[in-house]
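These notes concern the structure reproduced below.
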2 protein chains.
Amino acid sequence: MVHFANYSEENYLKALYKLELRQVKKITNSAVAKALDLNPATVLEMMRKMEQKKLVELLPDKSIKLTEKGSKKALRTIRRHRLWEVFLVKKLGFTWNEVHDLAEQLEHIDSDELVNRLDEYLGFPPFDPHGDPIPDKLGKIKKQVAVPLTSCQQGPTYQVQHFAETSDAFLQYLGQVQIAPGSKIKIVGINAYDQSYSLQLGRRSVQVSEKAAANILVQPADH
Amino acid sequence: MVHFANYSEENYLKALYKLELRQVKKITNSAVAKALDLNPATVLEMMRKMEQKKLVELLPDKSIKLTEKGSKKALRTIRRHRLWEVFLVKKLGFTWNEVHDLAEQLEHIDSDELVNRLDEYLGFPPFDPHGDPIPDKLGKIKKQVAVPLTSCQQGPTYQVQHFAETSDAFLQYLGQVQIAPGSKIKIVGINAYDQSYSLQLGRRSVQVSEKAAANILVQPADH
DNA sequence: GAACTTTATTTGGCACACCAAATAAAATTT
DNA sequence: AAATTTTATTTGGTGTGCCAAATAAAGTTC
Ligand SMILES: [Mn+2]
Ligand SMILES: [Mn+2]
Ligand SMILES: [Mn+2]
Ligand SMILES: [Mn+2]
């Protein structure tokens with residue numbers, strides 16, 4: 001074969017889409033490199049190729065933007081990924097935390113017919129096992145709404161979207177506990193005495209007040 | 001990723017396995033090249049790498065032989081291929097002639113856990129939609145038995161294995177109609193008057209007597 | 001057994017997706 | 001505004017799989 005479909009390209013598109021979703025202000029080569037664990041030089045090279053293919057625009061301020069075509073393509077891959085995840089959990093009995101890496105492979109299987117039949121077979125599920133919305137055949141996807149951490153359960157991983165407050169004090173506080181847009185958070189427990197939240201961020205444990213938690217807006221992490 | 005699992009290697013292993021199954025007397029680089037539609041130089045190069053990895057033996061007479069390790073690995077890929085084919089037909093409603101190319105992609109998804117669960121989900125099917133046996137978890141596969149063309153139906157493609165007669169006259173006859181081990185045959189019809197068989201070989205149509213058909217031993221072509 | 005034909009191997013190259021190190025440009029600090 | 005730090009880009013690689021053309025070896029025919 002030697003030309004392995006669009007394996008890499010699809011991964012770049014997904015990464016870009018997710019950065020845009022996270023409202024990263026300026027999507028740079030290095031941001032993408034970090035997201036995909038690649039060298040910035042590699043990303044730059046690829047971005048130029050993808051610009052040729054009209055999948056991205058490289059703006060004068062060096063930021064990268066998906067074109068309509070690029071977005072559509074990213075959503076097709078995300079659709080596949082999430083539908084395979086549903087299949088693995090619902091039909092093959094995997095648990096939700098086992099399926100991501102497999103879906104990372106399956107998402108690149110190149111056939112719209114296959115994915116549409118899979119969708120039908122699964123009963124057109126609107127969400128994947130992690131709570132993320134599944135784009136439909138036409139690429140329409142439910143807007144992901146960020147919710148305050150106070151309305152979330154223990155267990156799943158959430159990703160910080162933005163904050164409901166912008167005071168210096170709050171932002172400084174966030175810096176202190178190292179919570180930023182993009183951070184992945186698990187709720188470990190809620191203190192029965194003062195309603196404060198015990199959170200897990202990677203290997204770090206932090207404690208935040210209920211007030212703070214109410215201002216942290218998250219959505220289910222899509223893995 | 002850049003190191004796409006063992007995509008190519010798996011395809012070489014499958015091709016070698018199938019050539020051995022067809023009892024090709026001497027499996028050469030060019031035979032493999034033809035089977036995979038590659039340049040012989042490419043195959044040679046790959047064979048040397050695979051020899052290093054103890055997947056094949058390169059014999060003094062320049063023939064290629066799978067090692068035990070190589071065979072096992074080939075069978076794992078064949079198992080995946082055939083199970084996915086069953087899935088596509090039984091669960092997603094594809095027809096048996098639509099599934100091969102998809103399975104060609106799916107077979108390279110790297111997870112034993114996945115394929116074993118799929119096997120279970122499908123109820124441990126012994127055969128794929130083309131009638132080929134599916135190796136079990138341990139790589140055990142039912143010996144494929146060749147049957148006379150006279151016991152086959154119209155429609156599916158069969159592959160010639162060997163012949164029940166070895167007379168010069170018969171072999172010469174086969175040469176004339178260009179039927180050889182490995183040939184793919186479809187039965188187009190059986191003449192009601194003399195029981196002769198109308199066969200399709202690629203784009204060639206040939207007519208053989210019932211007597212000849214009885215001596216042509218075939219098995220379902222696995223695509 | 002010489003000539004020819006076929007098959008195998010070597011050689012040099014290519015595309016893709018990647019990286020590390022050097023340099024250039026931009027942003028930040030002082 | 002200089003100096004410093006950070007970020008972006010260029011440059012020169014690498015490994016994997018592939019090919020075409022040249023050469024070498026083996027087989028076949030005469
Ligand atoms: Mn996932
Ligand atoms: Mn992926
Ligand atoms: Mn098949
Ligand atoms: Mn394959």
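Sequence lines set the chain letters: A, B, ... in the order given, protein chains first and strands last, and positions in each chain run from 1. Side chains included, hydrogens not; waters and symmetry mates left out as well; all remaining heavy atoms used.
Comparing dG17(D), dT9(C), dC19(C) by their closest approach to the side chain of Leu38(A) singles out dC19(C). Which of dC19(C), dT10(D), dG17(D) sits closest to the side chain of Leu44(A) comes down to dT10(D). Minimum atom distance to the side chain of Ser30(B) is reached by dT7(C), of the listed dT7(C), dT9(D), dC19(C). In this structure, of dG17(D), dT10(D), dA20(C), it is dA20(C) that holds the atom nearest to the side chain of Asn39(A). Of the candidate nucleotides dA17(C), dA8(D), dA8(C), dA17(C) has the atom nearest to the side chain of Lys49(A).
Rounding to whole angstrom units, CD of residue Glu10(A) and P of dA17(C) are separated by 11 Å. When the P atom of dC18(C) is taken as reference, atom CE of Met46(A) falls 7 Å away, rounded to whole Å. Rounding to whole angstrom units, CG of residue Asp61(B) and P of dA26(D) are separated by 12 Å. Distance, Met50(A) CE to dC18(C) P: 11 Å, rounded to whole Å. Between the OH atom of Tyr12(B) and the P atom of dT16(D) there is a distance of 14 Å, rounded to whole Å. The separation between Glu9(A) atom CD and dA15(C) atom C1' is 15 Å, rounded to whole Å. Spacing between atom CD of Gln52(A) and atom C1' of dC16(C) amounts to 16 Å, rounded to whole angstrom units. Between Glu45(B) atom CD and dC14(C) atom P the separation is 15 Å, expressed in whole Å.
Side-chain polar atoms of Ser71(B) and Glu68(B) form no donor-acceptor pair below 3.5 angstrom. Residues Gln200(A) and Ser205(A) have side chains that bring a donor and an acceptor to within less than 3.5 angstrom of each other.
Put simply, Thr28(A) has no side-chain N or O that comes within less than 4.0 Å of OP1 or OP2 on dT7(D). Remark: Arg48(B) is not in phosphate contact with dA8(C), judged by side-chain N or O atoms under 4.0 Å from OP1 or OP2. Between Thr42(B) and the phosphate of dC19(D), there is a side-chain N or O to OP1/OP2 separation shorter than 4.0 Å.
Between the side chain of Asn29(B) and the base of dA8(C), no donor-acceptor pair of N or O atoms lies under 3.5 Å.
Aromatic rings of Tyr12(B) and Tyr17(B) (six-membered ring for Trp) have centroids beyond the 6.0 Å cut-off, not under it.
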>> What verdict does the salt bridge (Lys or Arg N to Asp or Glu O under 4.0 Å) test give for Lys73(B) and Glu9(B), after you've listed the backbone C-alpha separation in whole Å, the side-chain angles of each residue and the deciding distance to 0.1 Å?
In response: CA-CA 10 Å; Lys73(B) 216 168 177 208; Glu9(B) 185 176 283; 2.6 Å; yes
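Between Asp37(B) and Lys62(B), the residue anchored nearer the 5' end of DNA chain D, judged by the nucleotide with its closest heavy atom, is Asp37(B).
In this structure, Arg80(A) CZ and Asp119(A) CG are separated by 12.5 Å, a value rounded to the nearest 0.5 Å.
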